[in-house]
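Working notes, structure below.
Heavy-atom basis, side chains included; hydrogens, waters and symmetry copies ignored.
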Amino acid sequence: NRSSDLLSVSSAAKANNADETHHRAYHGTSVDRIRPILDTGYLLLPGDVALGGDKIVEGKGHYNDDWKPAGFDTKKLFLSPTIKYAGLEAYARKHGYQDSKTSKKYWARVAFQVWIRPETYEKGKSTMGAKNVDPRISDDEIEWSTCVRGAAHLAGIVVKLDEK
């Protein structure tokens, strides 16, 4: 029997005081990936196998082993310091939703808020070519990446609803 508390701070995050010592970042995802991520309790890297046997692969339209710049490592977790970038369609794919009380129709997008250990990631430019996404964040530091498993701890889920 599962607890009704689907997203709780991991013991590792608590032990490391992640809310005080780690940097906040966001990881956009599709609605259908929420449950597997919550079941695992952390974000996996491309090439990893999730509970249930699904192999994690690079997202559609993203660099992969067959299509990438020379020397680019696709087997990383990609994050952003801004929800505006992590919430782009390339990362947080739209999902149709209808409110059962009002019958209004929406597009839903989701992202996980995470805490990431400071020395475990690199900052870089957008691999999607996005520019001027958030005036508070330099285009040269809009995308963070890490190949360190367990460096990012789930902290919350952000949901954006836009009327259709």
Side-chain angles (χ1 to χ4, degrees), residues 6-7 10 12-13 18 22-97 106-162 164:
L6 294 177
L7 180 60
S10 71
H22 289 40
H23 296 163
R24 182 183 4 213
Y26 300 90
H27 178 78
T29 192
S30 58
V31 169
D32 64 321
R33 298 305 307 155
I34 295 172
R35 177 87 257 164
I37 291 169
L38 291 175
D39 286 345
T40 302
Y42 52 91
L43 299 170
L44 298 173
L45 306 177
D48 288 344
V49 177
L51 293 173
D54 289 339
K55 185 174 182 179
I56 305 302
V57 296
E58 295 85 350
K60 183 179 179 183
H62 294 265
Y63 291 141
N64 58 54
D65 287 338
D66 297 325
W67 177 69
K68 65 180 181 178
F72 187 86
D73 183 5
T74 65
K75 307 302 186 218
K76 292 184 174 185
L77 174 62
F78 290 90
L79 308 162
S80 179
T82 175
I83 188 63
K84 290 180 179 183
Y85 185 79
L88 293 175
E89 175 69 17
Y91 301 106
R93 304 244 186 241
K94 289 182 197 175
H95 178 81
Y97 166 77
Y106 297 92
W107 289 115
R109 294 178 193 236
V110 297
F112 281 93
Q113 181 183 24
V114 302
W115 292 312
I116 185 164
R117 184 182 302 269
E119 68 276 6
T120 62
Y121 66 91
E122 298 173 346
K123 296 177 182 181
K125 294 181 180 186
S126 168
T127 54
M128 299 303 294
K131 302 251 190 243
N132 304 315
V133 175
D134 188 330
R136 299 172 304 123
I137 309 294
S138 163
D139 285 345
D140 291 333
E141 298 183 349
I142 198 77
E143 194 170 280
W144 298 355
S145 62
T146 184
C147 59
V148 179
R149 284 176 185 79
H153 303 283
L154 299 178
I157 299 175
V158 180
V159 178
K160 181 181 182 196
L161 297 176
D162 290 315
K164 282 188 176 182

For this session: With the side chain counted from C-beta on, respond yes when Y97 and L161 share a heavy-atom pair under 4.5 Å apart, and no when they do not.
Result: yes

Exercise. Could you state the interatomic distance from NE2 (H23) to NZ (K123), rounded to the nearest 0.5 Å?
Worked result: 7.0 Å

Exercise. What distance do E119 atom CD and H22 atom NE2 have between them, rounded to the nearest 0.5 Å?
Worked result: 7.5 Å

Exercise. Does any non-hydrogen side-chain atom of D139 lie less than 4.5 Å from one of K131?
Worked result: yes

Problem set entry | Close side-chain approach of L88 and M128, heavy atoms under 4.5 Å | no

Exercise. Which atoms form the tightest heavy-atom contact between S80 and A86, and what is the distance?
Worked result: CB-N, 4.2 Å

Problem set entry | CA sep, side-chain torsions, deciding dist, call: I56, L45, side-chain contact (heavy atoms from CB on, under 4.5 Å) | CA-CA 7 Å; I56 305 302; L45 306 177; over 6 Å; no

Seminar exercise, completed: In short, A25 meets I116 closest at the heavy-atom pair CB-CG2, 4.4 Å

Exercise. Going from OG1 on T29 to CG on D32, what distance comes out if it is rounded to the nearest 0.5 angstrom?
Worked result: 7.0 Å

Problem set entry | Exercise: identify the closest heavy-atom pair between A130 and V133 | CB-CG2, 3.7 Å

Problem set entry | Spatial distance of atom CD1 (I157) from atom CG (L38) [nearest 0.5 Å] | 5.0 Å

Exercise. Side chains of I34 and F112: does their closest heavy-atom pair fall under 4.5 Å?
Worked result: yes

Seminar exercise, completed: Distance col, row E122:CD vs S145:OG, nearest 0.5 angstrom, shows 5.0 Å

Exercise. Taking C-beta and beyond as the side chain, do L79 and H27 meet within less than 4.5 Å on heavy atoms?
Worked result: yes

Exercise. Within a radius of less than 6.0 Å around OH of Y42, do more than 12 heavy atoms belonging to other residues, nucleotides or ligands occur?
Worked result: no

Exercise. If you draw a 6.0 Å radius around NZ in K160, do more than 12 non-hydrogen atoms from other residues or ligands fall strictly inside?
Worked result: no

Exercise. Would you say the side-chain atoms of T146 pair up with the backbone N or O of T120, donor to acceptor, closer than 3.5 Å?
Worked result: yes

For this session: Flag the pair R149 / D48 as yes when at least one side-chain heavy-atom distance between them is below 4.5 Å, and no otherwise.
Result: yes

Exercise. Are more than 12 heavy atoms from other residues, nucleotides or ligands located less than 6.0 Å from atom NZ of K125?
Worked result: no

For this session: Look at the aromatic rings of Y121 and W144 and report parallel, tilted or perpendicular, splitting at 30° and 60°.
Result: parallel

Seminar exercise, completed: Here the gap from N132 atom CG to I137 atom CD1, rounded to the nearest 0.5 Å, amounts to 12.5 Å

Exercise. Can you check whether S126 reaches I142 side chain to side chain, under 4.5 Å on heavy atoms?
Worked result: yes

Exercise. Out of Y26, Y91, F78, which residue meets the ring-ring contact (aromatic ring centres under 6.0 Å, His included) rule with Y85?
Worked result: Y91

Problem set entry | Qualifying residues under side chain to side chain contact (heavy atoms under 4.5 Å, CB included), relative to E89, sequence neighbours excluded | R93, K94, R109

